[in-house]
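A quick write-up on the structure given underneath.
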Amino acid sequence: MSVETLQFQAETKRLLDLVINSIYTNKEIFLRELISNASDALDKLHFEALTNSEILSGDENFEIYVIPDAETKTITISDNGIGMTRGEVISNIGTIAQSGTKAFLEKIRESEGKIDEELIGQFGVGFYSAFIVAEKVELITRRAGENSAVKWTSDGAGEYTLEDTEKESRGTTIILHLKDEFCGGEDFDFTNTYAVENLIKKYSDFIRYPIKMNFEVEDADKNKTVEVRTVNSMQPLWTRNKADIKQEEYEEFFKQQFHEWEAPQEILHTRAEGTMEYTALLCIPKHAAMNLYYSDYEAGLQLYVRHVFVMEKCKDFLPDYLRFVKGLVDSPDLPLNISRELLQQSREVKKIGKALEKYILKQLAKILKNERERYETFWADYGKALKIGVYNNAYDEKAKDDLKDLLMFTTSKDEKLSTLAEYVSRMPESQTKIYCAIGKDKATISQMPQMELLKERGIEVLYLLDPVDEFCIDSLNKYEDKEFQSITREDFELDDAESQKIKSEVAELAKSYEVLLNDVKDALSGAVQEVRLTPHLKTGAVCLSTGANGPSLNMEKTFAAMNNPFFKAVRILELNPNHALFGKLSGLHSLGKDTPEFKNFCELLYAQALLIEGIMPDKPVEVANKIAELMAK
Ligand code: ADP
């Protein structure tokens, strides 16, 4: 068939430009990436063969070949794994499906083209890393079980060609036509067998399939023959004694096994014996994956049974909130040919999962206790996941109990993060509740009119800055025996004697303004459920609070963003009786509750309360006109 020329998807093209033009310190990384892909392709074939052994067509040797060639200036990586159909080549190699792509490219734009490996690593360019060293890449592949093969060729500059071709057996062969600087030189000579052998030993030693290379050997008579040798040890790292494994070995293992660009921030290796036998080698990647909270993120641990690979992403071990944990479980107690359906029902898997969850949380608690800074680094990347965990376990007291002491928040005290225990330990004796405030950032909350009195009384407030925070706190309900109290809910009050005194004075005063407050409510024609005098303001004139239960203003915004406009917060307008505006309001009221002056004044008071909460009034132009009118007077 003729040669077909296709365009890369726009995002792929941008990514390729970045990869080709960026300065990598780690030129050799492509080898690890391509060997990793080859190993994955063998895994996939292995998995498919568990239920359909015919797909192997009698060839049960799983192997990877790496062939450097100085003459043709190429390095070839081939596997006899699952291979790809023409359609799969187009969708896997020409496009990037991850939902994080846009965010990633945006981040690069922000860094003004200064792309670094860390950034690339968070995204994982995998196959495209070939273009760091190659001026042209050819990929010839034949899907296991099919007869036809396809050849993909590209120089990485926006286009690729596809043509039908012949291939003797299943699998994928990738030929890299190396740029001159990577052939024959002192550094980075990827045509040198021994240099490449060393790289494989360094990066891909634990690959569980043999990686074979051809070595030229001379016999006693100086006759040259070619000998095929396996260069990786293939010993699964996790089967070795923990004490004998070096930190670098763990790090390399996670890099090659889980496509991690950087060493993980935490490595967890645990072994259980007794009723349930298993080994788990887990890690928390250095950075959260770009799509961690998107639906296309695939969580799950690799599953091995008696050191034999069974499945890539087994979701049944860890709860969803620990989706960021990568790693593997190897157990002799599970059947080798276990299907996904059986896994879901397996009591053994549940048991191992429970034990792993407990173990991970215990390790995190240990880090928090002993290495605060390290924990805060973890928290910056993964705190959101734990908070979602609390929310997802709203009705599971035990699960919430396990998580509550791992949570961190900023507070009004200083810039540092605090645990709930730390906040409680600083509470004055008279304080019975944990006060919290919701806002988009610290500065906004700090300027909220309700904060003024709290600051004066020296009362610390928990800042809920992430939309998920409020859902998390709501689900927790209490910490120890202390309830959480939002300072913008109508039932907010301070416990100290002074505040209680002000509260009863204001309540007394409110009795004589009952009619006024009712008329303000009427003037706002249903926008608020109640208008009341507040004991919480000092110099501010107004503020908005919401019903003691039900959605808050913040939740209303979150739901609206999710196209769910029916969750409405109950709004209460609170007025400061000591503010000059209140005197003015009362004066205008005596002119008559139906006068435009009184009505406009009420509307502007409400508009102010909305603005303080970051909410746009319904009719901004009308509000602006009314302000202009008032200013011109
Ligand atoms: P990743 O491996 O992170 O998914 P890559 O860009 O490295 O990203 O590869 C994209 C996809 O191309 C893989 O997910 C896989 O489906 C396919 N692929 C890559 N290399 C091979 C191979 N040697 N055999 C079969 N499929 C492959």
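Counting starts at 1 for both ligands and their atoms, following the listed order. The analysis underlying the following values was restricted to heavy atoms, covering all of them including side chains, and did not include hydrogens, waters or symmetry mates.
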Result block: side-chain N/O donor-acceptor pairs under 3.5 angstrom for residues 67-76, not counting sequence neighbours:
residue : atom : partner : partner atom : Å
D69     : OD1  : E71     : N            : 2.9
D69     : OD1  : T72     : N            : 3.3
D69     : OD2  : T72     : OG1          : 3.3
T72     : OG1  : T74     : OG1          : 2.8
K73     : NZ   : D180    : OD1          : 3.0

Neighbour count above 12 (heavy atom, 6.0 Å) for K201 NZ: yes

Report the part of L34 in contact with ligand 1, treating N, CA, C, O as backbone and CB onward as side chain, heavy atoms under 4.0 Å; options are side chain, backbone, both, neither. neither

Kindly write out the residues that satisfy ring-ring contact (aromatic ring centres under 6.0 Å, His included) with F254, not counting sequence neighbours, or none if the list is empty. F258

Result for side chain to side chain contact (heavy atoms under 4.5 Å, CB included) between V66 and one of I200, T193, L34, V231 points to I200

Do any nitrogen or oxygen atoms of F127 lie less than 3.5 angstrom from nitrogen or oxygen atoms of ligand 1? yes

Do K242 side-chain atoms and H269 backbone N/O form a donor-acceptor pair below 3.5 Å? yes

Out of N37, I82, N92, whose heavy atom is nearest to atom 17 (C) of ligand 1? N92

Measuring from non-hydrogen atoms of K44 to any atom of ligand 1, is the shortest distance under 4.0 Å? yes

Below 4.0 angstrom from a heavy atom of I93, which ligand 1 atoms are there? Numbered from 1 as shown, please. 12 (O)

Give a yes or no on whether a salt bridge exists between K27 and E181, defined as a side-chain N under 4.0 angstrom from a carboxylate O. no

Under-4.0 Å heavy-atom contact with ligand 1, by part of D79 that carries it: side chain

Sub-4.0 Å heavy-atom contact, E33 with ligand 1: no

